[in-house]
Structures are given as structure tokens and as C-alpha cells.
Amino acid sequence: MPESVRVRFAPSPTGHLHIGGARTAIYNWAFARRHGGAFVLRIDDTDPERSTDENVRAILSSLRWLGLDWDEGPEAGGDHGPYFQTERADSYRDALARLKASDAVYPCFCAPEELAAKREEARAGGGFAGYGRTCRRLDPAVASDRVAAGEPHAWRLRVPDDRGDIVFADAVRGESVFRAEVMDDFVIARSDGTPTYNFATVVDDIGMEITHVIRGDDHLSNTPRQILVFEALDAQVPVFAHLSMIWGPDGKRLSKRHGATSVEAYRELGYLPEALVNYLALLGWSLDDKTTVIDRETLAAAFSLERVSKNPAIFDAEKLDWLNGVYLRELPPAAYVDRMLPWLVDAGLLTAEEGAARREWLSELAPLVAERAKRLDEIVPMVAFLFDEEVTIDAGSRSKALEKEGVSKALDAAASVLGDIGEFTPAAIEEALRSVPEAVGVKPKLVFQGVRVAVSGSTVSPPLFESLALLGKERSIARILAARRTLQG
RNA sequence: GGCCCGUUGGUCUAGCGGUGAGGACGCCGCCCUCUCAAGGCGGAAAUCACGGGUUCGAAUCCCGUACGGGCUACCA
């Protein structure tokens, strides 16, 4: 049996969790779950300028919200810590020492500005613009003297002369080949002693015993370099799987210009985490030829890298909306109330205490809006009339539904029949109101729309009879009469 | 410039040598109906980027071209 699967998600806390990062996390999580392996969370916080604790907290919170539980990492612990790169300096130092001992690296004294100039020149001339290996040709004794003398130097990996092309089987893209001659001796440790990304990542992946590296394909070109580091460190090279990018509607890399890009932003827009996970999972992966609604459990049971597509995907907010609606409609009333209540409270429709006290009433309201709202934020305007003291009727609705022949009569009659009802249930209300059209000689639609506008303030509302029942007998009748009073005749 | 990657309806995708190129979102129409939704039914929408091969047969295999993208740092 193969060793157990270990994957990692390694965000850099230079911002909140991005949609693209979230998808990478989802795939890693699903892959680990599918194989009964470990999902490790590591924080790549080596950029002190841009990394913040606030961002770390936000990322953890977004991952939790998405339901992506990690087995090892911040706040979870584990045998392979620490899980912050800034706390792993010792292991980078040890790894570098080993490479020095095995002569796999050499010091480079070239000035960065000088190298940049040469690079420009080479590029303009049209050719290989990598490091010219100047310091590799230095006499080892001379080089170590200069190091001993304290001359500033970086450490470069000595690409073995006999290393042929670097070939690896990417789990989503298939066999990938990088020519040996374009591999320059890249820097693994800066002159200030800190490790570069390509070095730190590999040392961590070795230390954390990562078996599969699933990440964005912006790292594809880094892979051969990293493979050389694995080899220099005499470690087992993991399986790589590179995911294509997520684009905005214009085919450009998804960015602020396209609107919401962070998981947090989608949460605030009224999306359900299960819908976002489902949508993102489908953006580059498919279960089969027809399934689009896939819950987290199914994903965890069926995810496979073989079915990840190679081409970049454009983020389609409309499909996300639709999926969100699907999940919203699937919620049982009690769960729906849990999701909806914070939005109602935020909108000032009621307090959290009132919400708790009126759970039963809210559970009756839930199914009425459940099939109408695609996002949680859409619920607020839909139900506000049930909470407001009185309704304001806009001019359009007024002229469309109230200022019509016979409506004043219909409202009088409606108020009257509703007043006669004993138990104010939807069924009783329906029975009463259905008698009105014939009684006053007005078309049913006109009667119902008149009552709807009188009570809700709009020609569009949740189902009428249920709405009236939720509003209550007194308030329903009061609103009908109030509207009636504004009409002639 | 160099290296690498990608290309199936507007969008996400299925397809892995022989299909009427399947599904989903969106769009249009009809039905249901107290409005709006939801739901049901039906429809329009793909010269499978283009050009060459290989093959009896190619969206599927090979080679070019075009377009798009990534990397090319002592950033991650």
C-alpha cells in the first residue's frame, strides 16, 4: 500500500482568502478527504511587509466558514509544526547547511543590480536570460575565503551537470518536460540569510511529508526548480497537480475590477458556503457528464485530480446565484431561519431577542421566501412589510393595482370578510377572499392585486394568503382600510 | 525575447478513433398560477480556434499557425 496522502494549502497572508485560493483549498481538502489523508494548512508569511495577523485570522475564518477543516495547522496543531514559515527558520538553516556540506550549493557574490543589467541585455539580445553561473566557476578555496571575510553573498543551487531534462507527471496536465539547459543556478538563500520561496516551500513540504502538491498553475514554471531542490536534499519528490486560473468575465485574471474577489465578500453578499464550495468545485472539475449540484460530502467522496480540467475558467456570478438558490431552497425551515435571521437583524427589522422569541412565526415565513430568494440579502426587501409599522405604496403600484375600477369596493368587501374570520389561517383567508370577486363583480386578479398592494405596498410579494396570516388579522384589515381611504368612491 | 501551458454553444463542462457532439447556467416560448418566484415541458444557440497530416473513419492521435495565459527576481 502507498503511504498515506498528505496535502497542504499554503496561503500567504498578504490579503484575505481569494476565490482562486479558495478553490485550491477546496481541491486539496477534497483530495485529502477522498483518500483518507491529511489536509495541512501552512501559512507562508515570509513577506514581512505585507503579511498581517489580521489577514491570517481572516483566512482561517473564511476556510472555516467554507467548512474546510484542516487536520494540521494553526489552531489545530500537529506533529509537523510549526505551521508558520516565520517560525521555521531553523529547518531552512539546517537544510542549507546540508546542501553546503554536500556541495550542492555555492556562494554567489554578484551584485543584484549587475545581474539585472545582464538579464536585460540578454533578453534584449533574444535568448536565455538566466544566471550565467559566474560564481560557479570561482575557485572553491577563494570563494570560501571571501565568505569567511564576510563579503555579502547569496547561495545558489548547483544544477548537476549530468542532470538531464526535468520530467514529471503532473496529475492534471500529464507529462511535463523542462529542458535542462534552461535551468539556471537559482538563489535559494538570500544574502541576509533568509530562504527564497522555492527553497522554503520545498523544505516545508519535505518536513511536512507532503505527498501531493496541488496548487495554481502560476507555479508550474517553478516546479522543475523545486524538483531540483527535492533531489539535492535527497527527498522523495511529491506528485504535482497544477490548477488553471480563474478569470473575470473579460478573460483577465480575476481582480477587484470584477467586483467581489474574496470569500469574505461573498459571505457578506448573502451566499451560502455550501453553494460557493459547490460552484468553485465545479469551476474546473466535474463529477460526471450531468451532475451540477454536489454537496461537500459527495465532493469529499468523489473528487479526483484526473477529472480536473486544464483550461482556465471564467467566473460566472449568475450560475453561482442559481446554485445558491438551489441550496437555499433545500434548507429546512428551522435552518433557513438560522441563516436568514442575522440579515433581518442587521437590517433593523427586529432584534436578535425578538427573533429568538418569534422562531415559530419565522419558520412559517421561511418557506414563503425560500423559493424566491437566490441570496440571503434579497430576503430583507421581500419581507420588510411584515415588520414595518405601516407600508408606503409607491406611485407605480398604486396606479397599477389600486386606482382601478371597482377596487375600492373590493377592498371594503375584503376588509369585511376578513373581519368575520375566526382563526386567521391561510386557508380561511383564501376562502374568504375568493368570495369577494363574485360578490362585488370585480375580476379576481384585480381583487387580489388590490389587497396585495394595500398590505405589502407592492405588486410583487410573497403569496398573499400566507402573508396576511403572518401579518395578523388586525394589521391586515387596518392596512386594507387605510388604502381604501385614499381612494375615491 | 526565452521557456512552459491552454483553446468544445455567451459561460462552466461531458467526450478520451465511429455520438443526431450530452448536461448545467443564462436566453426565448408554452403550461401551472393571487403577483413574483419555484416547478414542468419545449426551443434557439458549437463550421469542436485555424491549417496540414496519420487513419476506412478524428472534437479525440501527430505537426505547424493564430489567439489567450503563466513564469522568466537575492517576490510569493
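Lettering follows sequence order; numbering is per chain, from 1.
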Rounded at 0.5 Å granularity, tell me how far NZ in A:K256 sits from NE2 in A:H258.
10.0 Å

Counting just side-chain N and O atoms, does A:R50 come under 4.0 Å of either OP1 or OP2 of B:A76?
no

Pair partner, B:G1 [Watson-Crick or wobble, under 3.5 Å]:
B:U72

Please tabulate, for side-chain N and O atoms in residues 273-286 of chain A, each donor-acceptor pair with protein atoms closer than 3.5 Å (sequence neighbours left out).
from   : atom 1 : to     : atom 2 : distance (Å)
A:E274 : OE1    : A:R339 : NH1    : 3.4
A:E274 : OE2    : A:R339 : NH2    : 2.7
A:N278 : OD1    : A:I294 : N      : 2.7
A:N278 : OD1    : A:Y327 : OH     : 2.5
A:N278 : ND2    : A:T292 : O      : 3.1
A:Y279 : OH     : A:D316 : N      : 2.7
A:Y279 : OH     : A:D316 : O      : 3.4
A:W285 : NE1    : A:S304 : O      : 3.3
A:S286 : OG     : A:R307 : NH2    : 3.2

Could you say whether A:S176 or A:L282 is positioned toward the 5' end of RNA chain B, judged by the nucleotide with the nearest heavy atom to each?
A:S176

Holding to salt bridge (Lys or Arg N to Asp or Glu O under 4.0 Å), I want the full list of residues that pass it with A:D388, two or more places apart in sequence or in another chain.
none

At under 4.0 Å, does any side-chain N or O of A:S309 touch on OP1 or OP2 of B:U13?
yes

Given B:A38, B:U13, B:U35, identify the nucleotide with an atom nearest to the side chain of A:A313.
B:U13

Heavy-atom side-chain contact between A:F186 and A:T196 under 4.5 Å:
no

Is the shortest side-chain N/O distance from A:T46 to OP1 or OP2 of B:A76 below 4.0 Å?
yes

Residue-phosphate contact under 4.0 Å: A:R119 side-chain N/O, B:A73 OP1/OP2:
yes

Of A:R173 and A:R452, whose nearest nucleotide on RNA chain B comes first from the 5' end?
A:R173

B:G42: pairing nucleotide in any strand, Watson-Crick or G-U under 3.5 angstrom:
B:C28

Which distance, rounded to the nearest 0.5 Å, do you find between the CD of A:E438 and the NZ of A:K443?
14.0 Å

Heavy atoms, side chains only, cut-off 4.5 Å: are A:L368 and A:L470 in contact?
yes

Using the 3.5 Å cut-off, write out each protein N or O paired with an N or O of nucleotides 25-33 of chain B and the distance between them.
from  : atom 1 : to     : atom 2 : distance (Å)
B:C25 : O2'    : A:K319 : N      : 3.4

Under the side-chain hydrogen bond (donor to acceptor under 3.5 Å, both in side chains) test, residues paired with A:E54 that sit two or more places apart:
A:H16

Out of B:C12, B:G39, B:A76, which nucleotide sits closest to the side chain of A:I314?
B:C12

With both distances under 3.5 angstrom, what nucleotide forms a Watson-Crick or G-U wobble pair with B:U7?
B:A66

Under a 3.5 Å cut-off for both contacts, is B:A37 paired Watson-Crick or G-U wobble with anything, and if yes, with which nucleotide?
none

Collect all protein-nucleotide pairs involving nucleotides 67-71 of chain B in which both atoms are nitrogen or oxygen and the distance is under 3.5 Å.
from  : atom 1 : to     : atom 2 : distance (Å)
B:G70 : N2     : A:S221 : OG     : 3.3

Donor-acceptor list for residues 165-175 of chain A side chains, cut-off 3.5 Å, not counting sequence neighbours:
from   : atom 1 : to     : atom 2 : distance (Å)
A:D165 : OD1    : A:A180 : N      : 3.1
A:D165 : OD2    : A:R179 : NH1    : 3.0
A:D170 : OD1    : A:V172 : N      : 2.9
A:D170 : OD1    : A:R173 : N      : 3.0
A:D170 : OD1    : A:H242 : N      : 3.3
A:D170 : OD2    : A:H242 : N      : 3.3
A:D170 : OD2    : A:H242 : ND1    : 2.6
A:R173 : NH1    : A:D217 : OD2    : 3.4
A:R173 : NH1    : A:H242 : O      : 3.2
A:R173 : NH2    : A:K310 : O      : 3.2

